[in-house]
Protein chains: 2
Amino acid sequence: MEDVIRSLGFLCLGSRLKRIGEQLQADTQRVLDRLDVPVQSSQYPLLAALDRLGPLPVGELAQALGIAQPGITRSVALLAEPGLVEVSRSNNDQRRRIVSLTRNGRRLVDAAKRDVWPGIEKAVADLCADLSGPLLDQLAAIEDGLAVAPIDRRVRNAVGAV
Amino acid sequence: MEDVIRSLGFLCLGSRLKRIGEQLQADTQRVLDRLDVPVQSSQYPLLAALDRLGPLPVGELAQALGIAQPGITRSVALLAEPGLVEVSRSNNDQRRRIVSLTRNGRRLVDAAKRDVWPGIEKAVADLCADLSGPLLDQLAAIEDGLAVAPIDRRVRNAVGAV
DNA sequence: TGACTTTACATATACTGTTATATATCATAT
DNA sequence: ATATGATATATAACAGTATATGTAAAGTCA
């Protein structure tokens, strides 16, 4: 069966990037599940942003992550429930709500940085390592590579079963 | 403000691809709105699949588009409501539901193929034309290019305002 | 000071995708 | 013919994102 998205080339590039991105996230989810913390793979960029940049108000988190503000509000609520982040009002400006990692949140980020993220980064980097040339060719190679072995299996192979 | 997703490189490649894909779809949406038909940009791949491959059952549409079957079922329902596609039972196998373009659906696809798709494809192709080298660099160039001029503006510049 | 605008965030709704499960039809074996 | 298993699709529940809109705080200017 023809892969229509692929055949359509640049016309469907948006759908194709989204599809690959979703597959990468789903693969990564299976790796992160090992930490058995109730956090979706898509929430980690927010934690990483707080780790890199320190406490931030909602709006600046939206900027840093390139997603819309309502998405941040909801993610923060999801992460606050298990106590990974906490929110406090700014002193200067009572409208701003500053998001920061809790002690548990910091512990999770540190564990992820030490035990999981390097493996994921390496697996994805290897997947893309030999690629060169036109974008569409590289995307096809990634799709083919993921079909052969998804990210979670590449990570497992690299670091040994956990 | 630092773009954390971009800084994290391969670790967040999934989030990044998804983000770029969604932006491309949103830009494209604004171009397609000229046809003023109640169809989301993300539905066009399904219409294009029916155009390329002819009437197809739900399961084969899922394969052709690389998304899960329930997604197809719902998209078909959405497209059937404004009368762009119709569904009939297979003669051989009463379980299979064959999706096909209606007369209006075909008219829409033909108009899109003639008036809109070529401009979009060219705009995206130009955006990606000069790219070469590592994937992350190409993605950064695409993001920068879209920030300078989104797809819908590139299309408008190319073909003149409609 | 009081009215208007802007900013920061929350909430509501819609769209798309997923997995899990239910239902209907087909194929097959007794 | 009928029970059993496989297959095709629908439905439900859940997660993520987007836009639109509401609310409250801050800023601006007569």
Side-chain angles (χ1 to χ4, degrees), chain A residues 1 5 12 14-30 32-33 38-46 56-63 65-81 87-99 150, chain B residues 1 5 12 14-30 32-33 38-46 56-63 65-82 87-99:
Chain A
M1 171 63 58
I5 303 278
C12 284
S15 299
R16 192 167 179 195
L17 291 176
K18 205 174 154 190
R19 194 174 70 175
I20 300 173
E22 276 161 359
Q23 186 178 353
L24 280 171
Q25 283 186 338
D27 290 358
T28 305
Q29 182 66 56
R30 286 194 290 274
L32 293 170
D33 283 343
V39 177
Q40 299 292 319
S41 64
S42 51
Q43 305 294 339
Y44 279 88
L46 198 158
L56 286 177
V58 172
E60 292 185 29
L61 271 171
Q63 263 189 280
L65 296 173
I67 69 177
Q69 166 261 311
I72 301 292
T73 294
R74 193 167 63 158
S75 288
V76 168
L78 284 175
L79 291 169
E81 197 189 341
V87 177
S88 60
R89 295 242 172 223
S90 163
N91 294 329
N92 322 334
D93 186 338
Q94 289 291 304
R95 294 170 302 180
R96 292 158 76 93
R97 299 185 62 222
I98 312 294
V99 183
Chain B
M1 172 63 58
I5 303 278
C12 284
S15 300
R16 191 167 178 195
L17 291 175
K18 206 175 157 190
R19 193 176 70 176
I20 300 174
E22 277 162 359
Q23 185 177 355
L24 280 171
Q25 283 186 337
D27 290 358
T28 306
Q29 182 66 58
R30 286 194 290 276
L32 293 169
D33 282 344
V39 177
Q40 299 292 320
S41 64
S42 49
Q43 304 294 341
Y44 278 87
L46 198 159
L56 286 177
V58 172
E60 292 185 30
L61 269 172
Q63 264 189 278
L65 297 174
I67 69 177
Q69 166 261 313
I72 301 294
T73 296
R74 186 167 44 187
S75 287
V76 167
L78 283 176
L79 291 168
E81 197 189 340
V87 176
S88 61
R89 297 244 171 221
S90 163
N91 294 330
N92 321 335
D93 187 338
Q94 290 289 304
R95 294 170 303 180
R96 292 159 74 92
R97 301 185 59 221
I98 312 293
V99 183

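Naming convention: chains lettered A, B, ... in sequence-line order (proteins, then strands); numbering from 1 in each chain.
One finds the SG atom of Cys12(A) at 9.0 Å from the CD atom of Gln25(B) (value rounded to the nearest 0.5 Å).
Between the CG atom of Leu24(A) and the P atom of dG16(D) there is a distance of 17 Å, rounded to whole Å. dA8(C) atom P lies 13 Å from atom CG of Leu56(A), rounded to whole Å. Distance Leu79(B) CG to dT16(C) C1': 13 Å, rounded to the nearest Å. The nearest whole Å value for the distance from the CG atom in Asp27(B) to the C1' atom in dA18(D) is 13 Å. Atom CZ of Arg96(A) is separated from atom P of dT7(C) by 12 Å (rounded to the nearest Å).
The salt bridge (Lys or Arg N to Asp or Glu O under 4.0 Å) check on Glu22(A) picks up nothing, with sequence neighbours excluded.
Using a 4.5 Å heavy-atom cutoff, the side chains of Gln23(A) and Lys18(B) are not in contact.
Each of Ala26(B) and Gln40(A) lies near DNA chain D, and the nucleotide nearest Gln40(A) is the one positioned closer to the 5' end.
Between the Arg95(B) side chain and the Arg89(B) main chain, no donor and acceptor come within less than 3.5 Å of each other. Between the side chain of Arg19(A) and the backbone N or O of Leu65(B), at least one donor-acceptor pair lies under 3.5 Å.
At a cut-off of 3.5 Å, with distance as the only test, no side-chain donor of Gln94(B) or Ser90(B) sits close to an acceptor on the other residue.
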* Structure fact -> Its contact letters, B for base, S for sugar-phosphate only and - for none at protein heavy atoms under 4.0 Å, make nucleotides 17-27 of chain C read BBBB----BS-
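Distance from the side chain of Leu78(B) is smallest to dT16(C) among dT16(C), dT9(D), dC9(C).
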